[in-house]
K.L.:
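Below are the structure tokens for one structure; questions will follow.
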Amino acid sequence: MPGALERARTLADHAHPSRHGAARLRRRGAGAGGVRPRAQPRAPRGRARGADDGVHEGFRAPARAGAEAPEAMNRWSQYYLFTTREVPSDAEVVSHQLMVRAGMIKKLAAGIYSYLPAGWRSLSKLMAIVRREMDAAGAVELSMPAIQPAELWVESGRWQRYGKELLRIRDRHEREFCFGPTHEEVVTDFVRRDVRSYRQLPFNLYQIQTKFRDEIRPRFGLMRGREFLMKDAYSFSATEESLDQVYSAMRDAYRRIFAACGLDYTMVEADTGTIGGSSSHEFMVTAATGESAVAHCSTCGYGANVEKAERGAWEVPSEQARQAAEKVETPGRKTIEEVAQFLGIPASRLVKALIYNTEHGLVAVLVRGDREVNEVKLLNQLPGTHHLELASAERVVAELGLTLGYVGPRGLRARNVRLLGDLSVRDARNFACGADEEGFHLVGVNWSAENSPSEFADLVLVGDGDPCPRCGAALAISRGIEVGHIFKLGAKYSEAMKCEFTDEAGVNRPMIMGCYGLGIGRTVAAAIEQGHDADGIVWPLPLAPWSVLVLALTPNDPAAMAAAEALAAELESRGVDVLLDDRDERPGVKFKDADLVGVPVRAVVGGKSFAAGQAELSLRRDRQKQLVPLAEAAAKVLELIERLRA
RNA sequence: CGGGGCGUAGCUCAGCUUGGUAGAGCGCACGGUUCGGGUCCGUGAGGCCGGAGGUUCAAAUCCUCUCGCCCCGACCA
């Protein structure tokens, strides 16, 4: 799929929890009186009956609740849900720690996780929301193979280009395959064989499926795994206008999805990167632990990934008399910081020269001393160039006879190195730079025929406070988790793979494609990053594994236990998904676990309040307790859920 | 791929420098105690110390190789 989005993990085939109508029938048939195999390692405890692992929303639709028998209640004592106090040492971010502690995921290998029942329930809820919105936006679900033949990737050119992230495998006949990290090739391959006419267009196909990217460094649990669950969609249109329509439908669907999850997110412009195409947006969930940086303008609403973010005009430095360049000795000062400090000037008064190695030779870039080069922008400025890396000191000496740290524009020009300047230095005056001689810098330098770059462009990473390209106000840089990424692909793949149709005029043309990715596991992890406190997860209702936890405080008191069961059963019959904590544990343990797992609504039945004929209700998010008569408990819980949905 | 680190009980870790045949806490089992925010006490089960090879009378400990994992960096449709 597009973007580096997403990562989560999962088994191979779950993929269709939405078919729960059928799944439920199956379950019921099998369950009828039959002895269930116990899949559980736990010794004598009975396996729960058909623990539902289907899709749930806070409530099921009334029609369905009426039409079908309630599902078997989830009893914690018989469920597969084990919490832990201690966190594995490799869990660095809260979402990872809490998912492990709450018994939602279990690591199998680096970046590869099992989704345990509670975790799977949350993922399933998200998938249900995603399906609902994708379907509503006119997309059609299908499922494509995870294993893909190399030929297709050779055809699109990505077999060479993709690099080591592509997990390549061989079958017994030594034929090459890969485990799909995305499905442009596969979908384009069958579409080109099925579709001939503009009359068959447009359409948008999606799947929710396990993908694999052999990440260099998997980390952060579901946020950057190698095996992960992703929803990916691919649209095919006859015209750009049609693509625009599908694209905006997807954009709106994504907005609805993330809003429905109760997430604080922003949509920003993104670079189309090597996937190409004309337009791309990312959906970022705001989080300090996010791996992506986003520039945002609170004045006009402009937002963009920093790799893409443009920058407004820089203030032109005040008129100053041009000085004459002067060579100064700067022994041993090679870094911007050292030189600036040594010369007693701010880093912004320095012009930094960076030398890159590309497949077409060396290229040099001049940027303001306090700025970083944005390699994506640089690459975009060098058509035909795909590889970029900072040149080694040895190579610079060998090819140019220059020492890194003392390189200046004049020396680069003299050696005929292609020299690009960032806009931030175009109007610079009386700046300092390397003197092309080890141990020396120049001060009071100005542009001249001997040192001026051949071209200026926007080449740096935007910084906090830089002017907004739209309105000029200060941009703020924040971090986010990329949970969705949509692209207008155009004809990139359809041309490479000859996916063509005949238009009204009888002319064969490549289809105009779009692709739309959404990280399932990542989105759930992001929800936890945004919703947690010192005691555990605070789920938004739509993603909570259960909406209500009925906590039987004194399970050994038959009357209290019966009341707890009755409450849980009534809620189930009203379409609410309930977890009944019927474990014979101390109250403290049960309360701590309730907080950890983070079920939005808690109903305590037992103990003193039960003796007074009451149940104690509270919301995980504020923990305000209210005592209500047992007879009214179910109705009150429904009210609380309504309040949470508002 | 470069740099650093770690593999010892189910989990989190100590022991390794200065070789002498393995420990704690949590968890688990049993008994008692307790019973509205991870009770307390006792008893017990549980580990070929990641794997292979080497040095040695003797290796968790020293050496070599290997596998796996983690952190930093580079990378990231």
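In what follows, every chain begins at residue 1, and chains take the letters A, B, ... in the order their sequences are listed. Every value quoted in this text rests on a predicted model; they were computed, and no experiment measured them.
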K.L.:
Rounded to whole angstrom, note down the P distance from B:A22 over to B:G32.
P.N.:
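Comparing P positions in B:A22 and B:G32 gives a spacing of 34 Å.
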K.L.:
Please give the nucleotide sitting opposite B:U18 as a Watson-Crick or G-U wobble pair, both distances under 3.5 Å, or none.
P.N.:
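The base-pairing partner of B:U18, which may sit in any strand shown, does not exist here.
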K.L.:
By the 4.0 Å heavy-atom rule, please label A:E282 as base, sugar-phosphate, or nothing.
P.N.:
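No contact.
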K.L.:
Does A:R85 make a side-chain N or O approach to OP1 or OP2 of B:G25 shorter than 4.0 Å?
P.N.:
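No.
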K.L.:
For A:R602, report the nucleic acid contact type (base, sugar-phosphate, nothing); a contact means any heavy atom under 4.0 Å.
P.N.:
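Base contact.
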K.L.:
Give a yes/no answer on whether the side chain of A:R586 brings an N or O atom under 4.0 Å of OP1 or OP2 in B:G38.
P.N.:
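Answer is no, no contact under 4.0 Å.
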K.L.:
B:C6 pairs with which nucleotide, Watson-Crick or G-U wobble, both distances below 3.5 Å?
P.N.:
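Paired with B:G68.
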K.L.:
NA contact type, A:T554, heavy-atom cut-off 4.0 Å: base, sugar-phosphate, or nothing?
P.N.:
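No contact.
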K.L.:
In whole Å, measure the gap between the C1' atoms of B:C35 and B:G50 for me.
P.N.:
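Result for the C1' pair: 44 Å, nearest Å.
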K.L.:
Among B:C75, B:G36, B:U39, find the nucleotide with the atom closest to the side chain of A:K608.
P.N.:
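The answer is B:G36.
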K.L.:
Do the non-hydrogen side-chain atoms of A:R623 and A:D533 ever get within less than 4.5 Å of each other?
P.N.:
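The answer is yes, as the side chains (C-beta and beyond) meet within the 4.5 Å cut-off.
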K.L.:
Applying a 3.5 Å limit to both distances, which nucleotide forms a Watson-Crick or G-U wobble pair with B:C30?
P.N.:
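Checking every strand shown, B:C30 finds its partner in B:G42, with both distances under 3.5 Å.
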K.L.:
Do A:T84 side-chain and B:G27 base share a donor-acceptor contact under 3.5 Å?
P.N.:
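Side chain to base: no pair present.
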K.L.:
May I ask you to say what A:R101 touches in the nucleic acid, namely base, sugar-phosphate or nothing, with a heavy-atom cut-off under 4.0 Å?
P.N.:
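Result for A:R101 = base.
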K.L.:
Could you check whether atom CD of A:E338 has more than 12 heavy atoms from other residues, nucleotides or ligands sitting under 6.0 Å from it?
P.N.:
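Yes, enclosed.
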K.L.:
With a 4.0 Å cut-off, would you call A:E185 and A:R158 a salt bridge?
P.N.:
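Salt bridge: yes.
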K.L.:
Across the strands shown, which category fits A:E92 at heavy-atom distances under 4.0 angstrom: base, sugar-phosphate, nothing?
P.N.:
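Sugar-phosphate, backbone atoms only, no base.
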K.L.:
Do A:H96 and A:Y113 have ring centres separated by under 6.0 Å?
P.N.:
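Yes, close enough.
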K.L.:
Check ring-ring contact (aromatic ring centres under 6.0 Å, His included) between A:W539 and all other residues, then give those that pass, not counting sequence neighbours.
P.N.:
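So A:W539 forms no ring-ring contact (aromatic ring centres under 6.0 Å, His included) with any residue.
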K.L.:
Looking only at side chains, do A:E616 and A:S609 share a donor and an acceptor under 3.5 Å apart?
P.N.:
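Short answer, no.
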K.L.:
Answer with yes or no after comparing the ring centroid distance for A:H485 and A:F487 against a 6.0 Å cut-off, counting only values under it.
P.N.:
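Yes; A:F487 has its ring centre under 6.0 Å from that of A:H485.
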K.L.:
Should B:G37 form a Watson-Crick or G-U wobble pair with both distances under 3.5 Å, which nucleotide is its partner?
P.N.:
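Base-paired to nothing in any strand shown.
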K.L.:
Could you tell me which nucleotide pairs with B:U61 by Watson-Crick or G-U wobble geometry, both distances under 3.5 Å, or answer none if nothing does?
P.N.:
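Looking at the geometry, B:U61 pairs with no nucleotide.
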K.L.:
Would you give a per-nucleotide map of nucleotides 9-14 of chain B, 5' to 3', where B means the base has a protein non-hydrogen atom under 4.0 Å away, S means only the sugar-phosphate does, and - means neither?
P.N.:
--BSS-
K.L.:
Strictly below 4.0 Å: does A:K107 bring a side-chain N or O up to OP1 or OP2 of B:C70?
P.N.:
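Indeed, a polar side-chain atom of A:K107 lies that close.
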